[in-house]
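Side-chain atoms are counted along with the backbone in the values below, which use heavy atoms only and exclude waters and symmetry mates.
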Amino acid sequence: MEFSTQDKGRYTEVTPSGRLNMVAAPKLREVIDGVVSAGGRRIVVNLAETTFMDSSGLGALIGCLKLARQSGGDLRIAAVQPQVNMVLELTSMHRVLTPHATAEQAFPND
Amino acid sequence: MTDNLARRVLEEPATEQAIEDLHGVLDQLWLDAAFVPALDQMAFTTAVIESASNVVQHGVPSPGATLHLGVELTVSAERLTAVISEIGAAPHDPVPDLDDLPEPSLPGEDALLEDYDESGRGLSMIRALVTTVTVERQGDTNVWVLSRDSVQD
């Protein structure tokens, strides 16, 4: 899995590309930790290119959400693909990680 | 005996690389069995990767043994089956009781984020994604058998 990070002004967009499994999960935590350490408060994880997520990947997302909130910010997810959506709904985690249609819509202008 | 329409196997040391390789083996299986509905492919793939990851993360080798992951995937007209073997593993202690898993802790509507655990969802996900799941000891191997009924559209 590869990660790209882009400063979009209102938010920082992190795009994991590939499979968010037990191998990639610790890397996602590192990437988000880096964004938060650099002062990023609003983070959008753009899942358009994430074709697969297991319980390790889901756990990493929840951990990253906690990290963002603890530092006074927030983390939101966008462009969720069908398998990832299945895992979110199966575990009811869509209640805390609500998918947004696009990264741009995750943090509306305010 | 139901005829197998597609079959793929993998056996290698139980490492992270085995999980990446297993994703590739599953991709090949669905190329051979493209008639299986997408939802069944997705659910079965997720359950197989969860089970194999459980072996890599939590499997304990018997003294002097190297832990290997064995996977046999078969597709028949009505069923998807995975036999996942923890080869050279110490016996499970206790054996996971897959029919009596604790309810996943799901905090209430007004729960705080801190109430949500970061781990511990794997087994209940497997249980929800397949029709039957069993785990038993065979020789030096713990064997998980997952099956999902899948009827062609």
Side-chain angles (χ1 to χ4, degrees), chain A residues 1-2 16-30 32-33 36 43 47 49-77 80-98, chain B residues 14-27 30 37-59 69 84 101 103-130 148:
Chain A
M1 166 159 260
E2 313 241 315
S17 181
R19 295 165 178 137
L20 186 50
N21 58 16
M22 61 168 277
V23 184
K27 297 177 190 165
L28 175 66
R29 290 178 196 262
E30 278 175 33
I32 300 295
D33 191 48
V36 171
I43 301 166
L47 294 169
E49 295 168 22
T50 299
T51 53
F52 179 90
M53 179 176 78
D54 65 8
S55 62
S56 308
L58 176 62
L61 273 181
I62 294 167
C64 291
L65 172 61
K66 288 180 179 176
L67 181 67
R69 296 260 178 95
Q70 281 158 9
S71 62
D74 201 6
L75 177 145
R76 297 179 185 177
I77 60 173
V80 169
Q81 300 304 299
Q83 190 274 347
V84 174
N85 198 50
M86 178 189 76
V87 170
L88 286 170
E89 293 196 349
L90 192 66
T91 56
S92 298
M93 284 303 120
H94 59 295
R95 287 186 355 200
V96 286
L97 283 163
T98 307
Chain B
T15 63
E16 289 185 344
Q17 185 58 47
I19 299 302
E20 299 289 20
D21 293 344
L22 181 55
H23 278 291
V25 167
L26 281 155
D27 287 347
W30 302 132
L39 177 65
D40 290 322
Q41 293 189 19
M42 215 160 67
F44 186 70
T45 293
T46 308
V48 169
I49 294 291
E50 283 292 338
S51 305
S53 298
N54 197 288
V55 172
V56 171
Q57 287 177 307
H58 304 297
L69 171 70
I84 294 160
L101 289 172
E103 285 293 310
S105 63
L106 191 59
E109 294 288 342
D110 56 350
L112 299 172
L113 180 59
E114 290 69 35
D115 298 331
Y116 290 88
D117 293 330
E118 290 175 39
S119 62
R121 293 188 180 81
L123 287 182
S124 54
M125 270 176 59
I126 294 167
R127 195 69 197 85
L129 289 165
V130 295
R148 181 178 169 96

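Taking CG of B:Asp117 as the reference point, atom CE of A:Met93 lies at 8.5 Å (rounded to 0.5 Å). With rounding to the nearest 0.5 Å, the separation of CD in B:Glu118 from CG in A:Leu65 is 9.5 Å. Between atom CG of residue A:Asn21 and atom NE2 of residue B:His23 there is a gap of 4.0 Å, rounded to the nearest 0.5 Å.
When all heavy atoms are compared, the tightest approach of B:Met125 to A:Ser55 is SD-CB, 3.9 Å. Contact record, A:Arg19 with B:Glu20: NH1-O, 4.4 Å, taken as the closest heavy-atom pair. When all heavy atoms of A:Lys66 and B:Tyr116 are compared, the pair lying nearest together is NZ-O, 2.7 Å.
The shortest side-chain heavy-atom distance between A:Met86 and B:Leu129 falls under the 4.5 Å cut-off. For the pair B:Ser53/A:Asp54, a side-chain contact is recorded, criterion being any heavy-atom separation below 4.5 Å from C-beta on.
Of the atoms belonging to A:Leu61, not a single heavy atom falls under 4.5 Å from chain B. Of the two parts of B:Glu50, only the side chain, counted from C-beta on, holds a non-hydrogen atom closer than 4.5 Å to a non-hydrogen atom of chain A. Heavy-atom distances place no part of B:Ser119 under 4.5 Å from chain A, backbone and side chain included.
Among B:Gln17, B:Gln41, B:Met42, the residue with the largest count of heavy-atom pairs under 4.5 Å with chain A is B:Met42.
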